[in-house]
Amino acid sequence: MGQVFETHNVAAHDQVLKAVDLSVSFQSGNSNAVAVDHVSFGVARGEMLALVGESGCGKSTAALALLGLLRSPPARVEGRILLAGRSILGLPPADLQQIRGKSIAMIFQQPMTSLNPVLTIERQLTESTMAHESITRSEAISRARDALELVGISSPETRLRQYPHQLSGGMRQRVMIAMAMACRPSVLVADEPTTALDVTMQAQILSLIKGLKRDFGVATILITHDLGVVAENADRVAVMYAGRIVEQAGTSELFRAPAHPYTRGLIAAVPRLDGVPIGSAQTRRLQEIPGSVPQAGPSVPGCPFAPRCPLASDRCRSMRPMEVAIAPEHLVSCWEYAA
Amino acid sequence: MTQAVLEVRGIVKHFQTRGGAIARAVNGVSFDLAKGETLGLIGESGCGKSTLARVLARLDTPDTGEVLLDGNDIGRIGNRAMKPIRRRIQMIFQDAVSSLNPRATAGAAVAEPLKLHRVVPRNKVKDRVAELFEAVGLPVGLMSRYPHEMSGGQCQRLSIARAISLDPDIIIADEAVSALDVSIKAQVINLLMDVQTRLGLSYVFITHDMALVGVLSHRIAVMYLGRFVEVGDADAIIRRPMHPYSQALIAASPIPDPDRPRTQALPIKGELPSPIKPPSGCTFHPRCPLAQARCKSEVPELRTTGEARQVACHFA
Amino acid sequence: MAKFLSRYFNAVFGLSILVVIGLVALFAPHIAPYEADRIFAGPRLSPPSAAYPFGTDALGRDMFSRVVHGARLTAYVGTIALVIGLGAGAVVGLAAGYSRTWLRGFLMRVIDLLYSFPGLLIALALVAFIGPSLENAMIAVGISTIPFFARVTYSVVIVERAKPYFDSGRVIGAGSLRLMVFYLLPNVLPALIVVGSLGFSTAILAAAGLSFLGLGAQPPAPEWGALLADGRSYMTNAPWLMIFPGLSIFLVVLAFNLVGDAMSEHFDPRQRWKR
Amino acid sequence: MEGVTPEQIEEMRRQLGLGQPAWVQSALYVWHAIQGDFGHTIVGREPVLGFLLSRLPATLALTASGLGIAIAIGLPLGFLAAYNRGRWIDNTLMFISVLGISMPSFWLGLMLLLTVPVYLDFIPVAGEGPASIILPALTLGLVYSAVIARMTRSAMIEVLSEDFIRTARAKGLRETIVMSRHAFKPASISIVTVIGLIFGSMMGGQVIVENVFSWNGLGRVAVLAMQQRDYPTIQGFIILFAAIIVTVSVILDMIYLWIDPRVRTG
């Protein structure tokens, strides 16, 4: 350990979307809350990157920042966001509009409230294609029909005429995905797409998203708090804690050899179906991470996990650990691994 | 076999929806709960598990059926007669922060049941509250805080303190840890298990998380559209589910191990039908990979098979 | 401090008006140079001047003194009407929201029926039958606002009642009275304070309106609405008779509205700044 | 009541059921009212219903123009404020609207009477002719435009914080489309409800405005009747007014059912 590897990775060169040193802070009165604190990540064509973390760790804020969907002020976004090599942070609103929904599409956590209740499915499906491409209304409708079939909705003709409240939760999330895929984006950002759904529906929706990734090569960023979902779907994982990425690695590597104390604690804390030991329930204690998840506030000088970390030293509390590669494509921000 | 502290017999609870239709939320549920036992109740949202929880905690009355506490039916007794029973059955809710009175301090929330039931003499209430804070791992300094000034994990510890203050026999936990963050969830689950060991109480633990129920429970009941479809020993059900729905639930539950060989068992199709118009026969048949003609017409009974397991399926 | 002032400017402005008017009402006899109905305190219909800041009316009464004394009547009318309306409304709303029996349906149907009716019309009808006087006007206005307060209380109560903390109170064995007084009431109170402030302004406006129509305070009472009605006959040659009483009503109502707005912004988390 | 014969008085007593128990009087009144007979006015000895109906068109004309002005001013200003939420334009508009809702309509009316005709001499102070509606309609419209502006603003702000607005933006729709299609349509549904709610209160304001401007509508007749204790007229007025309010709220409910697909198809 401690040896620094050269980060030479093939994927890094053709990453479709890259965030470099991305920071988001919210100014309110005299207080400044840092939600995302100098994070860098990227996703390549046909790859699924999972941004995983607990509530308030900044994963959703980072996603909204990618699409320029944060209202500014109060939000302040700094760093660089590169789409196919082109910097898109700070573009004028009109240019951003052309990117949103066309090159980068997003689906949200709450399918029940994310669709407009008073517009038909047809209207909501056709408006993005019509906004981004010069096609006629009837072409847009036939594209909408195809999109519904793509996401596994039967009798699309009927569905197009319906309103969101006439569809079930799972069906609505499928419509959201159809909407996102309508312009064949190169990047799909899925913010907790299955958190509001039941497990059986979750499995269906995730396998749908994985299929789209495979068939269309869409670079996917999956935001979730569920390590099980990460393990079964993502190609690479970035673990976030208190606005920072503490560890980044290929999924298999991360679960096999978690390096950051937080990642290790998190993986150990999850109840597992396959790890159920025989015996009475009382013997099955879960691993705990002591303490509680910190509230968003000003950026801390040291490692944000230090107060809960069993290995924390004075250096952890006072100096920000730098990101080191402990294996190819395995980056950790922890003083344990610094040379 | 230990004596059952709670016997539930044929609970039915229907609701009238705004449109006048009848939703069959709970449609004939029976089970026993032994002393010191955890029964994990699992099912998807809308399957009736929360309604059942409310009936067991006597927040609702069952349409028919009995809830027997030490052999006495408490299903439909009045509020006055219910008050002493309240000490024995407590409930913990999903949303910890909003399950506490926003205008009461943490200390007052725990003192309230003690005073209400005169559990300890008035001058001892303060000491007892401090003991309870300690028992659930809350710093005594938080006593003067209001719920919105505390984290979700702290509020759930407070709810647990409030529930155990009455020294109940049974705690109904309705998705009590679902809203908590992973690292906090483990703390609260461990606390619940410690409390059970110390006080010897029984849990009905309601959740939609199969892995969680596997860790926590002695026995598991799988619920689908108002009925139990499989009941049995926790380990046995997780390792060898017999009802196709239990199998689907387990297959669909993600496991945090990317290198695990994937079972290519297709997760079931479709969604939970509406409890207003449940399918005929076995209500699971439209989504069941094994469904036959018989399943459409004939309602499968919950039958006991070997190894103390009950399954409601014609082919199990 | 500057930041606080700019953020709460409206509330501070409203509160200052209320304080000033409250002091005026309290010390009216000491502030007013004359008694309210002292005839020929000055020349007839004299325009505002140093001696008679608000001018004088056709009987030579000092308008400033009359308006100052009128402040007492306004405070009186508003308070009584509010106590009747808010008191009865809150009780009815709480009962309807708490009850899960036929009582809820019955109460709400009655309230909804009356609520769709303009309050002023209910007050007018009541006054028409019990006779015009200041006391009757404020009782009528109070009664006419009961449906509004009941409706607001009810809608807050059913929201609070559906929250898990109410159930957690039931689970530990709290009785009806305890649930209503310790669980519902404190959580409903903020909303009631807000609508109470707005209700005060509605009541003052309605009572002044009744007096203006000759169905409330009767001459020579210096009630502001009545003063306005009085001054109408001299509209073109003595406009000050209308300007000052009307301005007073306007300022009081404005003050209560500003304070009520500020409070509703403070109590309603949805209105607060969110990210 | 000079010139009234004892027979006439007796006839009136009988018709009103005077001298009988109160419930008999009420029952008699209701029985007659169902048949369209609201009795006779005490002062003019006219049939109440016909008398009131003759004043109805004036009242409806004033209500319609007042509501028209209120919507025409209040709706756009409410949108403008919501769209610029928190900025100076919003603060200014909302401060003006607080002034508006605090303004006693009778005082505003008198002030308009005092000032406007001085500068615009074609506007009559009171009396007949189509132009005489301008000032009362303006008074009613100005006061209620403030109410509508405030309610429109809060309806829009509520809609703008919904998840589906974020979805629309994430699709890359132009801001004008987000506002006009995604925000306005759901907001307009709640605005219809709002107009239903304020219509009742506006009918109350109508009574006052009619009296300020001596507008010969139902409100003026009613207040005169109240001052003269003309009970048959008062009763008839209340019933007629109630009927108008109920009719309008039924119509608005129907509009609501028609424009909200959640209700229409649910």
Side-chain angles (χ1 to χ4, degrees), chain C residues 6 9-10 13-14 113 115-125 127-129 131-132 144 148 198 201-202 204-206 208-215 224-225 228-229 231-232 235-236 239 242-243 245-258 260-261 268 270-271 273-274, chain D residues 86 91 94-95 97-111 113-115 117-118 125 146 150 154 157-158 161 196-208 210-212 219-220 222-231 233-235 237-238 241-242 245-246 248-249:
Chain C
S6 78
F9 174 78
N10 286 1
F13 182 54
L113 189 75
Y115 184 58
S116 62
F117 250 65
L120 189 73
L121 198 65
I122 296 176
L124 272 175
V127 167
F129 286 96
S144 75
F148 168 72
L198 299 174
S201 66
T202 317
I204 290 172
L205 213 48
L210 285 181
S211 298
F212 175 77
L213 295 176
L215 297 167
W224 294 340
L228 256 182
R232 259 183 99 175
M235 194 168 87
T236 37
M242 284 171 8
I243 289 175
L247 199 61
S248 310
I249 301 173
F250 170 62
L251 281 178
V252 178
V253 173
L254 175 67
F256 275 108
N257 281 335
L258 288 175
D261 272 4
D268 185 357
R270 268 181 319 177
Q271 299 262 322
W273 180 85
K274 262 193 318 191
Chain D
N91 295 337
M94 282 307 107
F95 190 76
S97 83
V98 173
L99 297 182
I101 60 163
S102 309
M103 188 75 78
S105 56
F106 43 94
W107 190 52
L108 177 65
L110 291 173
M111 289 297 114
L113 267 180
L114 200 59
T115 51
V118 176
V125 172
R150 284 165 67 88
S154 55
I157 283 177
E158 182 138 7
S161 70
L197 281 178
I198 68 159
F199 182 79
S201 128
M202 196 166 160
M203 290 299 280
Q206 167 102 11
V207 174
I208 285 182
E210 285 191 6
N211 279 282
V212 171
R220 180 154 167 70
V223 170
L224 273 174
M226 285 171 191
Q227 286 161 351
Q228 294 164 337
R229 306 217 159 196
D230 183 345
Y231 291 118
T233 312
I234 299 171
Q235 282 174 335
F237 161 76
I238 291 169
F241 238 53
I245 291 167
V246 169
V248 169
S249 57

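Naming convention: chains lettered A, B, ... in sequence-line order (proteins, then strands); numbering from 1 in each chain.
- Side-chain contact between Leu99(D) and Phe250(C) is present, with at least one heavy-atom pair separated by less than 4.5 Å.
- No donor-acceptor distance shorter than 3.5 angstrom exists from the side chain of Trp107(D) to the backbone of Pro245(C), with no hydrogens or angles considered.
- Taking 4.5 Å as the limit, every side-chain heavy atom of Leu113(D) sits out of range of all side-chain heavy atoms of Met242(C).
- Put simply, of Leu258(C), Leu213(C), Ile204(C), Leu120(C), the one with the most heavy-atom pairs under 4.5 Å next to chain D is Leu213(C).
- Of the listed residues (Ile101(D), Leu108(D), Val246(D)), the one with the most heavy-atom contacts under 4.5 Å to chain C is Ile101(D).
- With a threshold of 4.5 angstrom between heavy atoms, Tyr115(C) approaches chain D through side-chain atoms but not through N, CA, C or O.
- For Ile198(D), no part lies near chain C; criterion is any non-hydrogen pair under 4.5 Å.
- Taking chain C as the reference chain and counting heavy-atom pairs below 4.5 Å, the highest number among Val207(D), Ile245(D), Val212(D) is found for Val212(D).
- Heavy atoms of Arg220(D) lying under 4.5 Å from chain C are absent altogether.
- A 4.5 Å side-chain heavy-atom check between Met203(D) and Leu121(C) finds every atom pair outside the cut-off.
- The candidate with the highest count of non-hydrogen atom pairs below 4.5 Å against chain D, out of Ala128(C), Ala255(C), Gly119(C), Ala123(C), is Ala128(C).
- With rounding to the nearest 0.5 angstrom, the CE atom of Met94(D) is 9.5 Å from the CG atom of Asp261(C).
- When all heavy atoms of Pro118(C) and Gly204(D) are compared, the closest pair comes out as CB-N, 3.9 Å.
- In this structure, CZ on Phe129(C) lies 10.0 Å from CZ on Arg229(D), to the nearest 0.5 angstrom.
- Among Leu205(C), Asn257(C), Ile249(C), the single residue meeting the side-chain contact (heavy atoms from CB on, under 4.5 Å) criterion with Ser102(D) is Asn257(C).
- Heavy atoms of Ser249(D) lying under 4.5 Å from chain C are absent altogether.
- For Phe212(C), the part lying near chain D is the side chain, with the backbone staying farther off; criterion is any non-hydrogen pair under 4.5 Å.
- Using a 4.5 Å cut-off between heavy atoms, Leu215(C) touches chain D through its side chain atoms alone.
- The distance from the CG atom of Leu124(C) to the CD1 atom of Ile238(D) is 8.5 Å, given to the nearest 0.5 Å.
- At a 4.5 Å heavy-atom cutoff, Ile122(C) makes no contact with chain D through either its backbone or its side chain.
- Here the shortest heavy-atom pairing between Met235(C) and Leu110(D) reads SD-CD2, 4.2 Å.
- Residues Ile243(C) and Met111(D) have side chains in contact (heavy-atom distance under 4.5 Å, counting atoms from C-beta outward).
- Residues meeting the ring-ring contact (aromatic ring centres under 6.0 Å, His included) test with Phe95(D), sequence neighbours left out: none.
- Residue Leu251(C): no heavy atom, backbone or side chain, is found under 4.5 Å from chain D.
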Side chain to side chain contact (heavy atoms under 4.5 Å, CB included) assessment of Val127(C) paired with Met226(D): CA-CA 8 Å; Val127(C) 167; Met226(D) 285 171 191; over 6 Å; no
